[in-house]
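Shown next, in structure tokens, is the structure this report addresses.
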Amino acid sequence: MTTKKPIFIIKFDNSNPTEEERAKAICDLILCLMKLSAKQEAKKFKTKKEQKEYEQNFSNFVSKALCDTSFDDKKQ
């Protein structure tokens, strides 16, 4: 496994996206990366049930954290 950090670039096809659309695209990318991370971490558990439970709990936590962060940003 490499220690280099990946670089992600989000491009919008010949459009002028709103700030909300940009934020949604970035949140979707973060959510996708978090799910991939959870799947990798879940492999450490021995049973499929434990793996699935870990992935579900992690995904729920990340989703809630992203929603809370988005809400807090709008209040400012």
Side-chain angles (χ1 to χ4, degrees):
M1 187 167 165
T2 181
T3 57
K4 289 179 118 182
K5 292 182 180 181
I7 298 174
F8 295 96
I9 298 173
I10 298 175
K11 291 186 179 183
F12 295 91
D13 297 334
N14 296 327
S15 66
N16 192 11
T18 64
E19 191 65 33
E20 186 176 298
E21 290 171 328
R22 288 183 192 148
K24 181 172 177 3
I26 292 170
C27 285
D28 288 346
L29 174 65
I30 291 170
L31 188 59
C32 179
L33 293 174
M34 291 294 192
K35 285 181 180 181
L36 288 172
S37 176
K39 193 172 281 273
Q40 284 293 103
E41 286 294 315
K43 289 180 181 179
K44 294 178 181 177
F45 294 98
K46 294 182 181 187
T47 66
K48 291 284 183 187
K49 183 179 179 184
E50 289 175 325
Q51 290 175 357
K52 195 71 171 170
E53 187 176 307
Y54 178 84
E55 286 180 45
Q56 187 64 43
N57 289 341
F58 192 86
S59 294
N60 289 344
F61 170 77
V62 170
S63 296
K64 186 177 183 324
L66 283 175
C67 287
D68 289 347
T69 302
S70 297
F71 180 72
D72 289 343
D73 289 344
K74 290 179 183 177
K75 285 170 49 176
Q76 294 178 357

Checklist outcome for this item: Residues at least two apart in sequence or cross-chain that pass side-chain contact (heavy atoms from CB on, under 4.5 Å) with Q56, listed by chain then number, are N60
Checklist entry - Below 4.5 Å, heavy atoms only, C-beta onward: do E53 and E50 meet side chain to side chain? => result no
Item to check | Pairs where residues 30-41 contributes a residue and the test salt bridge (Lys or Arg N to Asp or Glu O under 4.0 Å) is met, not counting sequence neighbours | outcome: K39-E55, E41-K44
Next on the checklist: Show me the pairs that pass ring-ring contact (aromatic ring centres under 6.0 Å, His included) and involve residues 13-38, at least two apart or across chains.
Outcome noted: none
Item to check | Closest approach of A38 to F58 (non-hydrogen atoms, all atoms of both residues) | outcome: CB-CD2, 3.3 Å
Next on the checklist: Just to verify, what does K43 make a side-chain hydrogen bond (donor to acceptor under 3.5 Å, both in side chains) with, not counting sequence neighbours?
Outcome noted: Q40
Checklist outcome for this item: Hits for side-chain contact (heavy atoms from CB on, under 4.5 Å) against E21, two or more places apart or cross-chain, chain-then-number order -> P17, T18
Next on the checklist: The criterion is side-chain hydrogen bond (donor to acceptor under 3.5 Å, both in side chains); which residues satisfy it with K52, sequence neighbours excluded?
Outcome noted: none
